[in-house]
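Whatever order the structure lists them in is the order used to number ligands and atoms, beginning at 1. Heads up: numbering here begins at 1 and tracks the sequence.
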Amino acid sequence: MTHPITLHNSLSGHREDFIPADPHRVTLYVCGPTVYQHAHVGNFRPVVVFDLLFRLLRHHYGADHVIFARNITDIDDKIIKAANAQSSPIKEITDLYTEIYRAESKALGALPPTIEPFATDHIAQMIDLIDTLLEKGAAYSAEDHILFNIDHYDAYGDLSKVNRDDMLAGARVEVAPYKRNAADFVLWKPAKENEPGWATPAHFGVAQPGRPGWHLECSAMIAATLGKTIDIHGGGQDLRFPHHENECAQSGCANGAPLARYWMHNGFLSMPSGKMSKSLGNVVLVRDLLLEWPGEVIRLALMSAHYRQPLEWNDTLLAQSKAQLDRFYRSLTDHPVAEETAPDPGFVAALNDDLNLPSALARLHALRDAGKADVLRASGNLIGLLTQTPDAWFKSSSPQSTGAPTDDEIEALIAERRAAKKAKDYGKADGIRDDLKASGVIIEDSPQGTSWRRI
Ligand code: AMP
Ligand code: ZN
């Protein structure tokens, strides 16, 4: 078959034809969330961008021939801290925020990944990986930690293009006296008292139970779910170093084969104060956005710049996206869904061109202007837009929450209300209930959980 897609490969720094190793089994891995609190709308940029790629790959290779794995990081220092602060078992926290992440992704029109591996389900594979690295002399133990020795990977730095001397500046590299190289990273660390841990194999030379390092988790889950060398690995550009560089090093060393053939990194969502991030405290939560805007508006807003470019977030962007969707849906009114309409070839060509969203969206506007309702709908559907009927759209998206939110949006808000209650933020929980009521949705709590109905 011909291979129509070209992608900017962060590894080579060039645009390349995308040629999967096996077109019957195209593999994509994206680093998923650490589940202990609400993700902000910036965290959903990779969700939407790689959902778009997933859909495009399915379009070309067939839905059954694309395998997309996105992990859940359910063991981490920040999770342990959140569990202690809320006096809750870790699993209660991770289950709840996994559910919210899934519900919010769905409300933003993202397909579920084919496989969603949990880190804590792959501890045995992580230990095996460490064993292999120890056998090859690429890992060493020091002060109850097992570390990866970057001297054992000649290609270290090839992905991030970070010079070894510059590696420490400004990145998430932990300085510790027992490291042979400053950029050596932890594969296994001791569990402190009252921290969860797994039995450490005796030959690790570490006395107490331990837990895996973050980078190791992805390497083990990729091998377990997709194989040793995958087609595409994606994530936000902040993950390129050290996270992805370290994934490359340990998998490359252990398997004697490259981890991924194409690497893709999305640009940041930013605020006037800089990159949207929890540490800067300038975050906008999807939970709050969903109270005011349909998920499809948030999705289109996240699609409004090229995925490698920065995207500045503001209310105007949301209002513009809403206005655009109104225009699209208005043009679909009185055009019932026609079966078997193909998307516009120019639109698909724009997506094939390293997911050129600005040009693809311009194409949608041209189709609307030309009155090609069926092709407009089919093209929009390819990227998860225009999936409602105009009727449902105008009912659900009218201002001041007078319309009814979609089922997916309601489910997401109910999960968020549970989280607010759990965090003892009763004001927020009541606010969500009242907002839903104002939109004509009544929720009822019972020992079996929360049910809802429209009035
Ligand atoms: P984290 O929970 O920080 O590991 O982030 C989860 C995902 O969201 C990663 O792929 C990050 O690269 C991505 N991400 C975090 N902040 C932003 C942002 N402001 N803009 C775009 N992507 C982001
Ligand atoms: Zn990862």
Judging by distance only, is a nitrogen or oxygen of [X] under 3.5 angstrom from one on ligand 1?
X: C31; answer: no
X: F268; answer: no
X: G236; answer: yes
X: N43; answer: yes
X: D238; answer: yes

Should V286 and H40 count as side-chain neighbours, where that means a heavy-atom distance under 4.5 Å? no
pair F148-Y153: side-chain heavy atoms closer than 4.5 Å: yes
Is the shortest distance from a heavy atom of P46 to ligand 1 less than 4.0 Å? yes
Answer yes or no for H265: is there a heavy-atom contact with ligand 1 below 4.0 Å? no
Verify whether one side chain among N71 and H122 offers a donor that lies under 3.5 Å from an acceptor in the other. no
Looking only at heavy atoms, is any part of V30 under 4.0 Å from ligand 1, and if so is it the side chain, the backbone, or both, or is it neither? neither
Please work out, at 4.0 Å between heavy atoms, whether the side chain, the backbone, both, or neither of L269 comes within that distance of ligand 1. both
For [X], counting its heavy atoms only, list the atoms of ligand 1 lying under 4.0 Å from any of them.
X: L239; answer: 9 (C), 10 (O), 12 (O)
X: N266; answer: 21 (C), 22 (N)
X: G267; answer: 21 (C)

Does H215 bring an N, O or S atom to within less than 2.8 Å of the Zn ion (ligand 2)? no
For the Zn ion (ligand 2), decide whether H244 has an N, O or S atom at a distance under 2.8 Å. no
Salt bridge (Lys or Arg N to Asp or Glu O under 4.0 Å) involving K192 - partner list, sequence neighbours excluded: E195
To the nearest 10 degrees, could you say what angle the Zn ion (ligand 2) makes with OE2 of E247 and NE2 of H243? 80°
